[in-house]
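Convention: sequence-line order gives letters A, B, ...; per-chain numbering from 1. Note that the structure is a prediction, hence the values are computed from the model and not measured. Below, each value reflects all heavy atoms present in this structure, side chains not excepted, and no hydrogens, waters or symmetry copies.
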Protein chains: 2
Amino acid sequence: MLELAILGFLCDGSLHGYDLRKRIAALTGHVRPIADGTLYPAIKRLEAAGLLTRRLEAGSVAAPRHMLSLTGAGRARLTALLSEPADAFITDENHWFVLLAFLRHLDDSAAQARPLRRRLAFLTTPASFFYDGDRPLRAADFDDPFRKGLMTIATATSRTELAWLRETLADLEPDS
Amino acid sequence: MLELAILGFLCDGSLHGYDLRKRIAALTGHVRPIADGTLYPAIKRLEAAGLLTRRLEAGSVAAPRHMLSLTGAGRARLTALLSEPADAFITDENHWFVLLAFLRHLDDSAAQARPLRRRLAFLTTPASFFYDGDRPLRAADFDDPFRKGLMTIATATSRTELAWLRETLADLEPDS
DNA sequence: CTCCTATACATCGCTTCCGAGGTATCTCGC
DNA sequence: GCGAGATACCTCGGAAGCGATGTATAGGAG
């Protein structure tokens, strides 16, 4: 999630760590902002991996800023993260939202559609939450009211997401 | 998530690790089943913390099973995990679903309603995804079609969840 | 008779995340 | 002029997850 967010924001232009932290917080609904002890080591990791470079910009404000810029390798890594087959199984809402937000960095609508297609396929597959093997599960299958409720909310959320996915894919691939 | 799932399942009776793994996989839609290298160390941790005990059951099947049982401290920990104020900020769908599935282990409907109330309050608060400070955000606020789409799906999912929360809470607290 | 799969548990190293704590400077209110 | 809060970065230790790998046995297919 974090790596994707950092690379995604930097793809739009240079930013310093503190700014990055605020943007990520805004994008993920200010739910548990990224801790300093998470963000700065992550930046170092990405720098060590050659995915971004740093240029010190002194004097402007309180503390000297380290302006971060994506390298070619960084851009390639972003593309890879946005195109990963694993994106169908993302269960962290924030992770999925961050991916959606940066899908625009993929170069064509076919590439952009691929993660959405995989997600769609996953949600309509017997390997998912809503099946016991090949048998589709229903809320009525459960006696316990909480298990029943869980099934209801899971189904409703899934239906909402499916409707959105189908609509978005229709816009993205008008021909198919 | 994992700790909650283990304690939750064991609260219904003794299970061995391998069974636990299958049950957790079924509950979370078989999305990336818990790895052995995650589950067994977790069981050891909980055992070391005095939250569960193990009894070896030999001979019955291929390998000897370690039947796990909750202790009093384990039951108390489960109650604590189900009642935590942090549950409003859970962004992992599986984590939230596991919590819902085991809410029945709380002893009264007031306690069961509390996490749902907190979730409801969070989703309707300016600290959440849908606000920029106090200003509510709308899909139309964004130019980029993906940012727009992200706002649309986030809003739709949230609305779906809110409707379910309100309905469930009405069943749980008929008086309020 | 042999191979494959399922059952059942374990350890190792790697990576990541988090909280706590530390260091500085600038600005604004009082 | 003094403290609070924002800006801006850092390091450290601990906890937790994951993939790889290892070790058994049982049962069924070929």
Side-chain angles (χ1 to χ4, degrees), chain A residues 1-7 14-26 28 30-49 51-52 54-68 77 81 84 86 89-92 94-95 98 133, chain B residues 1-7 14-26 28 30-49 51-52 54-68 77 81 84 86 89-92 94-95 98 133:
Chain A
M1 209 286 279
L2 186 53
E3 188 179 346
L4 180 61
I6 294 174
L7 297 177
S14 294
L15 292 172
H16 53 99
Y18 198 81
D19 195 359
L20 217 36
R21 193 174 131 278
K22 282 195 295 185
R23 284 176 197 244
I24 293 170
T28 58
H30 302 279
V31 185
R32 298 237 294 168
I34 300 295
D36 281 2
T38 306
L39 177 62
Y40 290 107
I43 291 172
K44 289 230 157 165
R45 275 200 306 275
L46 296 176
E47 192 187 6
L51 306 183
L52 57 85
R54 142 187 343 224
R55 209 184 64 249
L56 204 118
E57 191 180 86
S60 52
V61 279
R65 290 167 169 171
H66 299 266
M67 295 304 288
L68 309 170
R77 182 99 181 85
L81 284 176
E84 264 187 305
F89 311 108
I90 291 172
T91 60
D92 184 313
N94 280 339
H95 189 165
V98 168
Chain B
M1 209 287 278
L2 186 54
E3 188 179 346
L4 182 61
I6 294 174
L7 297 176
S14 294
L15 292 172
H16 54 97
Y18 197 80
D19 194 357
L20 218 35
R21 192 173 133 277
K22 281 194 298 185
R23 283 175 198 244
I24 293 170
T28 58
H30 302 280
V31 184
R32 297 236 295 167
I34 300 295
D36 282 2
T38 305
L39 177 62
Y40 290 107
I43 290 172
K44 289 229 158 165
R45 274 201 307 276
L46 297 176
E47 193 187 8
L51 305 183
L52 56 84
R54 142 189 342 226
R55 210 185 63 249
L56 203 117
E57 192 182 84
S60 53
V61 279
R65 289 167 168 171
H66 299 266
M67 295 304 286
L68 310 169
R77 182 99 182 88
L81 284 177
E84 264 188 306
F89 311 108
I90 291 172
T91 60
D92 184 314
N94 280 338
H95 190 165
V98 168

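The phosphate of C/dT7 has OP1 or OP2 within less than 4.0 Å of a side-chain N or O from B/Lys22. Taking side-chain N and O atoms only, B/Lys44 has a distance below 4.0 Å to OP1 or OP2 of C/dT11. Distances shorter than 4.0 Å separate none of the side-chain N or O atoms of B/His66 from OP1 or OP2 on C/dA8. Contact annotation: A/Arg45 does not reach the phosphate of C/dC14 (side-chain N/O to OP1 or OP2, under 4.0 Å).
When rounded to the nearest whole Å, the span between CG of B/Leu56 and C1' of C/dA8 equals 11 Å. The CD1-P distance, from B/Ile43 to C/dT11, rounds to 12 Å in whole Å. Rounding to whole angstrom units, CG of residue A/Leu20 and P of D/dT7 are separated by 15 Å. Rounded to an integer number of Å, the gap from CE of B/Met1 to P of C/dC18 is 17 Å. The NE2-P distance, from A/His95 to D/dG17, rounds to 18 Å in whole Å. One interatomic measurement links the two molecules: CG of B/Leu2 to P of D/dG17, which rounds to 5 Å at whole-angstrom precision. Look at CG on B/Leu46: it is 13 Å from P on D/dA15, rounded to the nearest Å. The CG-P distance, from A/Leu39 to C/dT16, rounds to 14 Å in whole Å.
Nearest to the side chain of A/Tyr40, among D/dC10, C/dT7, D/dC18, sits D/dC10. Proximity note for A/Asp36 (side chain, C-beta onward) versus D/dC10, D/dA8, C/dC9: the nearest is D/dC10. Nearest to the side-chain atoms of A/Pro41 among the listed nucleotides D/dT11, D/dT7, C/dT11 stands D/dT11. Nearest to the side-chain atoms of A/Arg65 among the listed nucleotides D/dT7, C/dT11, C/dC17 stands D/dT7.
A salt bridge links B/Arg77 with B/Glu3: the distance from a Lys NZ or Arg NE/NH1/NH2 to an Asp or Glu carboxylate oxygen falls below 4.0 Å. Using a 4.0 Å cut-off between charged nitrogen and carboxylate oxygen, B/Arg65 and B/Asp19 do not count as a salt-bridge pair.
Side-chain atoms of B/Val98 and B/Ile24, non-hydrogen and from C-beta on, never get closer than 4.5 Å to each other. Using a 4.5 Å heavy-atom threshold, the side chains of A/Glu57 and A/Arg55 count as touching. Between A/Ile43 and A/Arg54 the shortest side-chain heavy-atom distance falls below 4.5 Å. Between A/Leu68 and A/Leu15, every side-chain heavy-atom pair lies at or beyond the 4.5 Å cut-off.
Closest approach of B/Tyr40 to B/Tyr18, counting heavy atoms only: OH-N, 3.7 Å.
The residue A/Arg21 sits apart from the nucleic acid: no heavy atom pair falls under 4.0 Å. Looking at heavy-atom distances under 4.0 Å, B/Gly37 makes contact with a base.
For the helix from C/dC1-D/dG30 to C/dC30-D/dG1, the axis fitted to the five pairs at one end and the axis fitted to the five pairs at the other end meet at an angle of 30° (nearest 10 degrees).
To the nearest 0.5 Å, atoms CE (B/Met1) and CG (B/Leu81) are separated by 12.5 Å.
Positionally, the nearest nucleotide of DNA chain C for B/Thr38 lies more toward the 5' end than for the other of A/Arg32 and B/Thr38.
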